[in-house]
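Step one of this worksheet: look at the structure below.
Heads up: numbering here begins at 1 and tracks the sequence. Computed over heavy atoms, backbone and side chain alike; hydrogens, waters and symmetry mates excluded. Everything quoted here is computed from the prediction, not taken from an experiment.
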Amino acid sequence: MTTHAPQAAQAVTLPATLDEAVAALTAMPAAVPVAGGTDLMAAVNSGQLRPAALVGLGRISEIRGWQYQDGHALLGAGLTHARMGRPDFAALIPALAASARAAGPPQIRNAGTLGGNIATAAPTGDALPVLAALEATLIIAGPGGARREIPVSHLLAGVEMLRPGELIGYVRVPLLHAPQVFLKATGRTGPGRSMASVALVLDPARRGVRCAVGAIAPMPLRPLDAEQWVAQLIDWDNDRAIVPEALTAFGEYVAAACIPDPVPAEDGSVEPLPPAVLHLRRTVAALARRALGRALS
């Protein structure tokens, strides 16, 4: 990264396979991979990034589709938001399709990719809370044909990082065959950056609820206690019934877990949350409540 004024890249490589792209990055350590370029070119145009070389990923057909694998969907990192938003993909992973359709205007959805959303790891990335709730894993391509697998949450949290020459090749997502919901608040009408987002998926086989909250922190947040609590209140054997009061309580539980009250002072007093933060917490509570209600309806 640099704050120097942008300049034209010294070299552009257009590999045809994932291993060729890894080889190019290995040979040119200063090179930057680019797929849709929706975030990269914004950084270049603003002067925040001056790449010495670019490795274009647009010609790598193997990462632009998906396939079934042992009860999972193996998604290519080159899948665009527009492609993921189509009905056939929505039937496969509804919440991810919903996040793709909400990713922005058509020009962004047509260019932006799943892998780019993950690699950039912007807090407002709409796909990120969905992948966290689905507990997706990444298949990383490395030099010499090496492949390794890491949880997407590890990369987003910085627990594990991409090594020199590595690329995100695929995203492995479990097929739960159950309701999934993605909701976001933008603070305006129409497409826009998330002020807060919630992804919620049901896992009937484990009688579990998985929820992730995006945009309010550097990485998606999982309110694990709230998940476990509400899963015990759902009547899994009777059309997943739940009392209405539990929906409201779940929303408040999620919001308080993700945006907790300030720590009491030494005298025991507690400062109230600033109005903007309180509004954000109410927004998260509403999104979580609605997401669970829609998933169970």
Side-chain angles (χ1 to χ4, degrees), residues 36 38-40 42-43 46 48 81 84-85 93-105 108-109 111-136 138 151-159 171 173 180-201 209-227 250-261 273-295:
T38 54
D39 291 312
L40 175 67
S46 65
Q48 296 178 335
H81 300 305
M84 291 188 292
I93 312 174
L96 193 54
S99 72
R101 290 192 294 266
I108 295 296
R109 298 197 303 271
T113 63
L114 177 61
N117 213 210
I118 299 168
T120 301
T124 54
D126 290 322
L128 304 185
V130 179
L131 296 175
L134 289 169
E135 296 182 346
L138 306 177
V152 67
S153 58
H154 284 198
L155 183 67
L156 298 178
V159 175
V171 182
V173 178
Q180 305 174 8
V181 178
F182 171 79
L183 298 175
K184 66 184 279 189
T186 64
R188 70 177 211 179
T189 302
R193 289 187 177 273
S194 293
M195 178 177 71
S197 62
V198 169
L200 187 138
V201 301
V209 175
R210 299 210 292 268
C211 176
V213 179
I216 67 171
M219 62 167 289
L221 303 177
R222 286 280 305 275
L224 298 178
D225 289 343
E227 294 176 1
F250 174 70
E252 297 294 339
Y253 201 160
V254 170
C258 296
I259 307 176
D261 290 321
L273 290 172
V277 178
L278 186 60
H279 174 68
L280 184 61
R281 188 155 84 169
R282 289 171 178 165
T283 300
V284 171
L287 290 175
R289 181 185 72 248
R290 292 171 188 168
L292 180 60
R294 293 186 186 184

- Query: How far apart are the closest heavy atoms of R294 and V181, and which atoms are they?
  - Reply: CB-CG2, 4.0 Å

- Query: Would you find a donor on one side and an acceptor on the other, under 3.5 Å apart, between the side chain of R101 and the backbone of G85?
  - Reply: yes

- Message: Restricting to non-hydrogen atoms, name the atom on A257 and the atom on P223 that form the minimum distance, rounded to 0.1 Å.
- Response: CB-CB, 4.1 Å

- Message: Between D39 (side chain only) and T120 (backbone N and O only), is there a donor and an acceptor less than 3.5 Å apart?
- Response: no

- Query: Any donor-acceptor pair under 3.5 Å linking the side chain of E227 with the backbone of C211?
  - Reply: yes

- Query: If you measure only the distance, is there a donor-acceptor pair under 3.5 Å linking the side chains of D126 and S194?
  - Reply: yes

- Message: Looking at every heavy atom in both A95 and Q180, which two are closest together, and how far apart are they?
- Response: N-OE1, 3.1 Å

- Note on the structure: Residues A133 and A199: closest non-hydrogen pair is CB-O, 4.0 Å

- Task: Indicate the atoms forming the closest heavy-atom contact of A103 with R109, along with that distance.
- Result: CB-CG, 4.3 Å

- Name of the residue among V171, L131, L134 meeting side chain to side chain contact (heavy atoms under 4.5 Å, CB included) with V152: L131

- Minimal heavy-atom distance between G116 and T113, with the atoms involved, is N-OG1, 3.1 Å

- Task: State the CG-CZ distance between L200 and R289, to the nearest 0.5 angstrom.
- Result: 13.5 Å

- Taking it one step at a time, do R281 and V277 satisfy side chain to side chain contact (heavy atoms under 4.5 Å, CB included)? CA-CA 6 Å; R281 188 155 84 169; V277 178; 5.6 Å; no

- Message: A side-chain contact here means heavy atoms from C-beta on lying under 4.5 Å apart; do L280 and M195 qualify?
- Response: yes

